[in-house]
S.K.: 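I have a structure here, written as C-alpha cells, and I will follow up with some questions on it.
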Amino acid sequence: MQTTLQRSPVSASSIRVCTTASTRIREVDFENLGFGKVFSDHMFVAEYDGSKWTNMRIMPYGKLMMSPAMSALHYGQAIFEGLKAYRNEQDEVFVFRPIKNARRLNESASRMCMPSLPEDIFMDSITELVGIDRDWIPRKEGESLYIRPVMFATDEYVGVRPSDTYMFFVFTCPVGRYYSGELKVKIELNYTCAYKGGTGHSKAAGNYAAALWPTQKAQEEGYNQILWTDGLTHEYFEESGTMNVVFKAGNSILTPMITDSILDGVTRDSVLRLARDWGYQVEERKVSVREITDLLKAGQLDEAFGVGTAATVAPIRTIGYQGTNYDLRPSDTWEFAPRARKELDLIKQGLVPDVHDWVVRIP
Ligand code: COI
C-alpha cells in the first residue's frame, strides 16, 4: 500500500545542515550500549513561530538554551515519539514504520493543544538525520538506532493557556535491548495511570511521569513493570508502563482494544498483523483481569508479552496478582512471541520481503 504524505508549505529541503567538526563515535563502547545513554553526533531542530514551522536545521547534538518560564516545564505541553533505524550486513539502512509515528505525533499534538507537524517535515528530519549518523547504527542482534522526536511548548509565559511557540527536535541513540530477560510484572489494582477522557492515548510526557511512583513501588517489590488496569473498576487491562500487552491462550491472541486511555502502539499493530497473517484468532477487546488470572491458575495462559518500540517483543514470565506470583512456562518454549520477534527483526533489517510496506530505506 503506497502512503501519501501530508505535504508542508515549507519545503523540507530547506533543512540547513551543519555537521560536527569531530565525531564522538570512537569514544563509544559499542559492546555495552544499554538503552538511551549514548547520543549520536547530530540532532534535528525546528521552531514553530505561532503560524508555521521554521528554522529547520541539523546541527551537532548538544544542550538547548531555555527560559525558566518556558511553559512546557510548568504545564506539561510536551509530547514525543520513539522509532528505530536498523542496518544490515550489506550496510543497508531501514527505518520501521515512521509514517505511523508521524501521524501519532500529530494525534498527540491535537489532544495537547499543540500545532501539527507536516508529515514530510517529520519524515525528512528522520531520513536526513539517520543518513548523516548512519555509522552510529549498531548491527548486532537486538541492537538499533533509537530515534526520539520531541515537541514541546516554548512560550516564556506563566499564565495557563496553550503556548504560541514550540520546538520540535529529533535526536538518536545507538541502543541495545530495553529489557534483557523475561519480565516479572504486577497487576496494578490501586493506582491509575490513564483515565477515560484523559491523555493516555497520547504520547504525552506527563503520562510517563504519572506512572513513575507506582512503578517504583512495584520495583521495590521485585517486579520489572506494572500491568495497568482501568481507572474506574480496575477489572480490565490497559497496557504496561513502557509497552502494550498481549496474551496468548490456545489459538487466540488477546489484547486490550485501543481506547482513549491506551497508546496505539506501532509494534502492537505490527504483531497483531503478523498473528492474523499466520492464522491466529486476534481478539482486540476488553480483556479482564479475572479472565487472565483464571487462565493463569488453570495453567492455560500460554504466553504473555509486552510490545513496544523500545521493548520490541518482551516475554513476561511472572504475573503478580494480589500478592501471589503466577509463573508461565519459559518463553523459549513459546510458539508465537519468539516467532513474531524474529520475523519483525528480519523485516526491520530488510532480510525478508516487506509485504506490508513497513520499512523505509534510507539512501
Ligand atoms: C518507546 O517504546 O519508544 C517508548 O517511548 C517507551 C519508552 C519507555 C522508552
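Atoms within a ligand are numbered from 1 in the order they appear, just like the ligands themselves. As the structure is a computational prediction, the values presented were derived from the model and not from experiment.
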S.K.: Compute the ring centroids of Y146 and F35, then answer whether they are less than 6.0 Å apart.
M.R.: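 Here the rings of F35 and Y146 have centres that are less than 6.0 Å from each other.
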S.K.: Show your reasoning for whether side chain to side chain contact (heavy atoms under 4.5 Å, CB included) applies to T312 and L344.
M.R.: CA-CA 9 Å; T312 67; L344 283 178; over 6 Å; no
S.K.: When H201 is tested against each of R104, R111, E107 for side chain to side chain donor-acceptor pair (under 3.5 Å), which residue passes?
M.R.: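 In the set R104, R111, E107, the residue that makes a side chain to side chain donor-acceptor pair (under 3.5 Å) with H201 is E107.
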S.K.: Quick check: closest heavy atoms across P174 and P138, and the distance to 0.1 Å?
M.R.: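 Heavy-atom minimum between the residues: CB-CD, 3.9 Å.
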S.K.: Please determine which of I79, L263, L105, V150 meets the side-chain contact (heavy atoms from CB on, under 4.5 Å) test together with K203.
M.R.: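 Going through I79, L263, L105, V150 one by one, the side-chain contact (heavy atoms from CB on, under 4.5 Å) with K203 is satisfied by L263 alone.
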S.K.: Quick one: closest heavy-atom pair of W228 and S240, and the distance?
M.R.: CD1-C, 3.9 Å
S.K.: Would you please write out the protein residues whose heavy atoms approach any atom of ligand 1 to under 4.0 angstrom, listed by chain and number?
M.R.: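 Answer by chain and number: F80, G82, Y146, R148, Y178, K203, T242, T309, A310.
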